[in-house]
Amino acid sequence: EVQLVESGGGAVQAGGSLTLSCIATGLDHTDMGWFRQAPGNECELVSNIDTTGRTYYSNSVKGRFTISRDNAKNTMYLQMNSLKPEDTAVYYCVADQDPFRTVPQPRACSVAYRYWGQGTQVTVSS
């Protein structure tokens, strides 16, 4: 059984930092990423990283967030610096991109992934 378990969310003041972690079990080396969604907002692909280490960042976080992975630990990280109130959202770990949408998605996002974590709340106060 595949499981993605996020941790590291919390409440911080604007300008602060947080590091999210996602431990993947039951899954071979695959592409992974982070989505976020705030109430009333669309789901946003924040960042992803493929098996070669190539990364993508949304314009809203570029220069502030850094994605990385430790394959030996089956863990992905999202280092978030210079946090802003607009970064407040539930952050979801995802794995194994599903371009043909072969499995139902838990939320309407621009990119489909086969596996989703339960999410971790990030709250940034001004």
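Model, not experiment: these values are computed from the prediction.
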- request: Keeping the roles fixed (side chain from T123, backbone from A11), state whether a donor-acceptor pair exists under 3.5 Å.
  value: no
- prompt: Would you say Y91 and V46 make side-chain contact, with heavy atoms under 4.5 Å?
  reply: yes
field: CD (Q13) with more than 12 external heavy atoms under 6.0 Å
entry: no
- request: Determine the interplanar angle of the Y92 and W116 rings, folded into 0 to 90°, and report it as parallel if under 30°, tilted if 30 to 60°, perpendicular if over 60°.
  value: perpendicular
field: Between E6 and S21, a side-chain donor and acceptor under 3.5 Å
entry: no
- line: Nearest heavy-atom approach of L18 to L83 is N-CD1, 3.8 Å
task: For residues L4 and M32, determine if any side-chain heavy atom of one lies less than 4.5 Å from a side-chain heavy atom of the other.
output: yes
- prompt: Do V111 and V90 belong together in a cluster built from hydrophobic side chains that touch within less than 4.5 Å?
  reply: yes
- request: Indicate whether any N or O donor in one side chain lies under 3.5 Å from an N or O acceptor in the other, for Q79 and S68.
  value: no
message: Any heavy-atom pair between the side chains of V61 and R36 that's under 4.5 Å?
response: yes
- request: Would you please name every residue forming a side-chain hydrogen bond (donor to acceptor under 3.5 Å, both in side chains) with N41, sequence neighbours left out?
  value: none
Heavy-atom pair of closest approach, residues A112 and Q105: CA-OE1, 3.3 Å
message: Determine whether a donor-acceptor pair (N or O, by modelled atom type, separation under 3.5 Å) exists between the side chain of Q97 and the backbone of A95.
response: no
- request: Consider only side-chain heavy atoms of I, L, V, M, F, W and Y, link residues closer than 4.5 Å, and tell whether F35 and Y56 are in one cluster.
  value: yes
task: Verify the cluster assignment for L45 and V122: are they in a single hydrophobic cluster under the rule of side-chain heavy atoms below 4.5 Å apart?
output: no
message: A cation-pi test, strictly: NZ or CZ of R69 under 6.0 Å from the centre of the six-membered ring of Y77 and no more than 45 degrees from its axis. Yes or no?
response: no
- prompt: Is there a side-chain contact between Q37 and R107 (heavy atoms, below 4.5 Å)?
  reply: yes
- request: Scan residues 114-126 for pairs that pass salt bridge (Lys or Arg N to Asp or Glu O under 4.0 Å), counting only residues two or more places apart or in two chains.
  value: D96-R114, D98-R114
M80 and L20, any side-chain heavy atoms less than 4.5 Å apart: yes
- request: Apply the side-chain contact (heavy atoms from CB on, under 4.5 Å) test between M76 and each candidate in V94, N71, I67; give the one that qualifies.
  value: I67
message: N48 and side chain to side chain donor-acceptor pair (under 3.5 Å): which single residue from W34, Y113, Y57 fits?
response: Y113
- request: Please answer whether the main-chain N or O of K73 pairs with a side-chain N or O of T75 as donor and acceptor at a distance below 3.5 Å.
  value: yes
